Amino acid sequence: MPDCIFCKIANHEIPSTIVYEDDKVIAFDDLNPQAPVHTLVVPKAHYENIIDGVPGDVLEAMAHAVGEVARAKGLEAGFRVITNTGAAAGQTVMHLHWHVLGGRDLGEGLV
Ligand code: 5GP
Ligand code: ZN
């Protein structure tokens, strides 16, 4: 997708702080972190969101990347994975991404 910022990050056309990368997924730190650790797990192929017919192997690669991020960032105490889906949920970048949040006690607000 030519004008998609996460496609550009996945193609290394725009710099990011990469935490993990393989052939299907890139994980990089969020530009505007909402927690001490806030990393985005993003498939390299463009899907709009989690209900955009994402193949199982891509979902598996994303789940694997979450584990790699948790290990790299020392999130043994716990962390949260969130994927906003659609504008009403606050999705602003229309390329599937999972927020991995941690590094502090996240409490019991919003799940
Ligand atoms: P959403 O609101 O779509 O669930 O999340 C989009 C996230 O992408 C936001 O947390 C925002 O800070 C992050 N973001 C937007 N543009 C960039 C960028 O160019 N680089 C990085 N690293 N994060 C970005
Ligand atoms: Zn994209």
Side-chain angles (χ1 to χ4, degrees):
M1 289 292 255
D3 288 329
C4 174
I5 192 138
F6 285 0
C7 282
K8 288 181 179 163
I9 289 174
N11 290 331
H12 304 118
E13 291 166 34
I14 291 179
S16 66
T17 303
I18 297 172
V19 179
Y20 173 78
E21 183 171 16
D22 61 29
D23 58 329
K24 294 191 175 109
V25 176
I26 187 167
F28 54 89
D29 287 333
D30 197 291
L31 206 57
N32 181 27
Q34 307 294 311
V37 174
H38 187 171
T39 300
L40 301 172
V41 170
V42 176
K44 289 189 170 177
H46 184 94
Y47 305 96
E48 186 168 329
N49 56 39
I50 194 72
I51 55 167
D52 188 20
V54 189
D57 63 322
V58 174
L59 293 170
E60 184 179 355
M62 291 179 74
H64 172 75
V66 169
E68 295 292 335
V69 168
R71 202 171 0 266
K73 295 286 189 176
L75 298 179
E76 295 81 10
F79 60 93
R80 191 168 288 160
V81 179
I82 293 174
T83 185
N84 295 326
T85 305
Q91 185 179 2
T92 58
V93 177
M94 297 302 168
H95 178 133
L96 173 63
H97 53 283
W98 292 352
H99 298 259
V100 179
L101 298 151
R104 66 168 164 81
D105 188 342
L106 296 170
E108 293 187 2
L110 202 64
V111 308

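None of these values were measured; they are calculated from a predicted model. Atoms considered below: every heavy atom in the structure, side chains included; atoms not considered: hydrogens, waters and symmetry mates. Indexing begins at 1, ligand by ligand and atom by atom, following the structure's order.
Residue-level proximity to ligand 1 for Thr17 is absent, since no heavy atom of it falls below 4.0 angstrom. Proximity of Leu31 to ligand 1, defined as any heavy-atom pair under 4.0 Å, is shared by backbone and side chain alike. If you look at Gln34 next to ligand 1, there are no close heavy atoms at all, none under 4.0 Å. Contact annotation for Trp98 and ligand 1: no heavy atom of the residue comes within less than 4.0 Å of the ligand.
Atoms of ligand 1 found under 4.0 Å from any heavy atom of Asn32, numbered from 1 in the order shown, are 12 (O). Near Phe28, meaning under 4.0 Å from one of its heavy atoms, ligand 1 places the atoms 21 (C), 22 (N). Atoms of ligand 1 lying under 4.0 Å from any heavy atom of Leu40, numbered from 1 in the order shown and given with element: 8 (O). Short contacts between ligand 1 and Gln91, defined as distances under 4.0 Å to a heavy atom of the residue, involve ligand atoms 3 (O). Counting atoms of ligand 1 from 1 in the listed order, those under 4.0 Å from a heavy atom of Ile5 are 19 (O). For ligand 1, the atoms lying closer than 4.0 Å to a non-hydrogen atom of Phe6 are 8 (O).
Ring planes of His64 and Tyr20: perpendicular class, angle over 60° (limits at 30 and 60°).
When the side chains of ILVMFWY residues are joined at heavy-atom separations under 4.5 Å, either directly or via intervening members, Val69 and Phe79 end up in a single hydrophobic cluster. A continuous path of Ile, Leu, Val, Met, Phe, Trp and Tyr side chains, each step under 4.5 Å between heavy atoms, connects Ile50 with Val66, placing both in one hydrophobic cluster.
Nearest protein heavy-atom contact of atom 15 (C) of ligand 1 is Val93 CG2, 4.1 Å. Nearest protein neighbour of atom 22 (N) of ligand 1, counting heavy atoms only, is Asp29 O, 2.9 Å. From the protein, the heavy atom lying nearest to atom 20 (N) of ligand 1 is Ile9 CD1, 3.7 Å. When only non-hydrogen protein atoms are considered, atom 10 (O) of ligand 1 lies nearest to Asp30 OD2, 2.5 Å. Thr92 N, 2.7 Å is the protein heavy atom nearest to atom 3 (O) of ligand 1.
Taking the six-membered ring wherever Trp is involved, the centroid distance between the rings of His95 and His97 does not fall below 6.0 Å.
Judged by distance alone, with hydrogens and angles left aside, the side-chain atoms of Gln34 form a donor-acceptor pair with the main-chain N or O of Asn32 at under 3.5 Å. Judged by distance alone, with hydrogens and angles left aside, the side-chain atoms of Glu76 form no donor-acceptor pair with the main-chain N or O of Gly78 at under 3.5 Å. Remark: the backbone N or O of Val100 is not paired with any side-chain donor or acceptor of Lys73 at under 3.5 angstrom. Between the side chain of Glu13 and the backbone N or O of Ile5, no donor-acceptor pair lies under 3.5 Å.
Among heteroatoms of the N, O or S kind in His46, ND1 lies nearest the Zn ion (ligand 2). Restricting His95 to its N/O/S atoms, the shortest distance to the Zn ion (ligand 2) is reached by ND1.
Residue Gly90 places a heavy atom less than 4.0 Å from ligand 1. Put simply, part of His97 is less than 4.0 Å from ligand 1, judged by heavy atoms.
For the residue pair Asn49 / Thr85, no side-chain donor-acceptor distance below 3.5 Å is found, with atom types taken as modelled.
Any N or O atom pair closer than 3.5 Å counts here, and Ser16 shares no such pair with ligand 1.
For the atom pair Asp52 CG and Leu96 CG, the distance stands at 8.5 Å (nearest 0.5 Å).
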Inset, instruction - Carefully, step by step, assess Tyr47 and Phe6 under the rule ring-ring contact (aromatic ring centres under 6.0 Å, His included). - result: CA-CA 11 Å; Tyr47 305 96; Phe6 285 0; over 10 Å; no
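Gly103 and Pro36 get closest at one heavy-atom pair: O-CG, 3.6 Å.
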